Amino acid sequence: MTEARAATRQVLVVYALVCAAVFAATRLGASSTFGPYVHLAVAAIFLLTALRMTRDDPRHFGLALGGLLEPSMNDRPRGPLGLFDLARALWGALPSALREVGAAFAVGAVVFPLYAVGFYMWNEPARAFDLTLPPDLVNMVLAQLIVVALPEEAFFRGYVQTSLTDAESGRVRLLGVSLAPRAWLAQAALFALVHVLSEPHPARLAVFFPALLFGWMRAWRGGIGAALALHAMSNLYSEILARSWL
């Protein structure tokens with residue numbers, strides 16, 4: 001078996017195991033005791049698996065996050081529970097974070113108006129648009145960033161897309177970005193399939209299309225930061241459109 005086939009096989013085996021764990025967690029979520037925590041369990045499955053599979057070279061897999069996920073290379077005091085190290089890492093990651101958020105906003109400025117038009121045409125709302133924000137907006141922003149976007153981007157655009165890209169020799173350029181086409185399409189398809197697995201409904205397959213955009217951004221930016229920010233922004237934007245129009 002060639003090295004490329006072995007890498008692809010590893011990705012598919014890991015993906016199958018993750019799908020089985022997600023399926024078990026969502027089925028347990030039907031119980032009244034575990035239900036409130038099912039999203040945390042699914043997030044932990046994605047994130048811990050991604051970190052485990054990319055631990056040897058997080059930067060290569062786009063998971064350095066401005067150095068946050070890289071070990072400290074200095075001998076300065078770590079502080080209680082490593083808090084000093086964490087504070088220094090956050091400060092050092094801030095410039096990178098601002099650049100990636102800026103890139104996400106730039107792409108969103110192009111994509112979101114088009115999405116709003118498609119949303120209107122698909123749903124044909126019976127009432128005029130009335131901006132309605134979620135009452136728990138701050139909590140929702142944090143949940144989308146930490147519980148939804150970070151774990152999914154770390155696994156699919158970090159581990160899966162990078163591993164499949166490494167196993168593929170061909171490249172194409174799309175809007176100036178070099179992509180491994182099969183890897184790019186495969187990560188989006190796998191992303192869509194796991195969404196259907198967790199909530200069986202054909203409409204869930206629609207996440208294939210934003211996954212293509214997130215995958216393109218991961219290739220463009222060299223990491224998952226901008227894709228992570230756009231992922232969270234997209235979910236929030238969709239929620240606001242639904243509350244304001246439907």
Side-chain angles (χ1 to χ4, degrees), residues 7-8 10-15 17-19 21-22 39-74 78 82 85-104 107 141-168 177-180 183-184 186-188 190-191 194-195 207 210-235:
T8 300
Q10 181 190 66
V11 168
L12 294 178
V13 169
V14 171
Y15 176 76
L17 293 174
V18 165
C19 283
V22 168
H39 291 98
L40 291 176
V42 171
I45 292 167
F46 284 131
L47 185 57
L48 294 178
T49 302
L51 294 178
R52 174 70 175 78
M53 299 306 298
T54 64
R55 68 191 186 284
D56 293 334
D57 193 357
R59 183 172 293 276
H60 172 68
F61 287 89
L63 299 183
L65 296 182
L68 280 178
L69 297 185
E70 294 182 317
S72 174
M73 301 302 291
N74 60 61
R78 298 185 68 251
D85 255 359
L86 176 61
R88 285 192 291 267
L90 288 171
W91 180 255
L94 184 59
S96 175
L98 292 176
R99 287 193 298 270
E100 300 312 298
V101 169
V107 173
V141 169
L142 293 175
Q144 287 297 332
L145 283 170
I146 299 171
V147 181
V148 180
L150 173 59
E152 292 183 355
E153 292 306 311
F155 184 76
F156 286 99
R157 261 61 68 181
Y159 167 62
V160 172
Q161 181 170 332
T162 307
S163 297
L164 294 179
T165 296
D166 290 345
E168 184 178 346
V177 174
S178 177
L179 292 166
W184 180 54
Q187 61 83 20
L190 295 176
F191 184 69
V194 80
H195 277 73
V207 299
L212 291 177
L213 179 58
F214 303 151
W216 178 86
M217 292 192 71
R218 186 267 181 270
W220 172 38
R221 302 301 298 171
I224 67 167
L228 189 163
L230 185 65
H231 189 154
M233 288 163 53
S234 299
N235 289 346

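All values derive from a computational prediction rather than experimental measurement.
The CG atom of Leu212 lies 4.5 Å from the CH2 atom of Trp184; values are rounded to the nearest 0.5 Å. Atom NE2 of His60 is separated from atom OG1 of Thr165 by 8.5 Å, given to the nearest 0.5 angstrom. Rounding to the nearest 0.5 Å places CG of Leu228 at 10.5 Å from CE of Met217. Atom-to-atom distance recorded for Ile224:CD1 and Phe214:CZ is 12.0 Å, nearest 0.5 angstrom. If you take CD on Glu168 and OG on Ser163, they are separated by 12.5 Å, rounding to the nearest 0.5 Å. The structure places CZ of Phe61 at 6.0 Å from OG1 of Thr162, a figure rounded to the nearest 0.5 Å.
In this structure, Asp57 and Arg59 have side chains that are in contact, with non-hydrogen atoms separated by less than 4.5 Å. Gln144 has its side chain out of reach of Met233: every pair of non-hydrogen atoms, C-beta onward, lies at least 4.5 Å apart. Residues Pro210 and Phe191 fail the side-chain proximity criterion, which asks for heavy atoms closer than 4.5 Å. Residues Tyr159 and Leu63 are not in side-chain contact: their nearest non-hydrogen atoms beyond the backbone lie 4.5 Å or more apart.
Listed by first and then second residue, the salt bridge (charged side-chain N to carboxylate O under 4.0 Å, His left out) pairs involving residues 210-219 amount to none (not counting sequence neighbours).
Applying the ring-ring contact (aromatic ring centres under 6.0 Å, His included) test to His39 and every residue at least two apart in sequence or in another chain returns nothing.
Residues Ile45 and Val22 approach most closely at CD1-N, 3.9 Å, considering heavy atoms. Ala50 and Thr54 make their closest contact through O-OG1, 2.7 Å (heavy atoms, listed as atom of the first residue, atom of the second, distance). The heavy-atom pair separating Ala104 from Ala229 by the smallest distance is CB-CB, 3.7 Å. Closest approach of Trp216 and Val107 over heavy atoms only: CZ3-CG2, 4.5 Å.
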Practice prompt. Starting from the C-alpha separation in whole Å, work towards a yes-or-no answer on side chain to side chain contact (heavy atoms under 4.5 Å, CB included) for Thr49 and Phe155.
Written response: CA-CA 7 Å; Thr49 302; Phe155 184 76; 3.7 Å; yes

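Side-chain atoms of Gln161 never come within 3.5 Å of backbone atoms of Gln187 as a donor-acceptor pair (strictly under, hydrogens ignored).
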Can you give the donor-acceptor pairs under 3.5 Å from side chains of residues 146-154 to other protein atoms, not counting sequence neighbours?
unit_1, atom_1, unit_2, atom_2, d
Glu152, OE1, His231, NE2, 3.2
Glu153, OE1, Arg157, NE, 2.9
Glu153, OE2, Arg157, NE, 3.4
Glu153, OE2, Arg157, NH2, 2.7
Glu153, OE2, His231, ND1, 2.7

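Phe156 and Phe46 have their aromatic ring centers within a separation under 6.0 angstrom.
When each of Val13, Leu164, Asp166 is tested with Thr8 by the rule side-chain contact (heavy atoms from CB on, under 4.5 Å), just one qualifies, namely Leu164.
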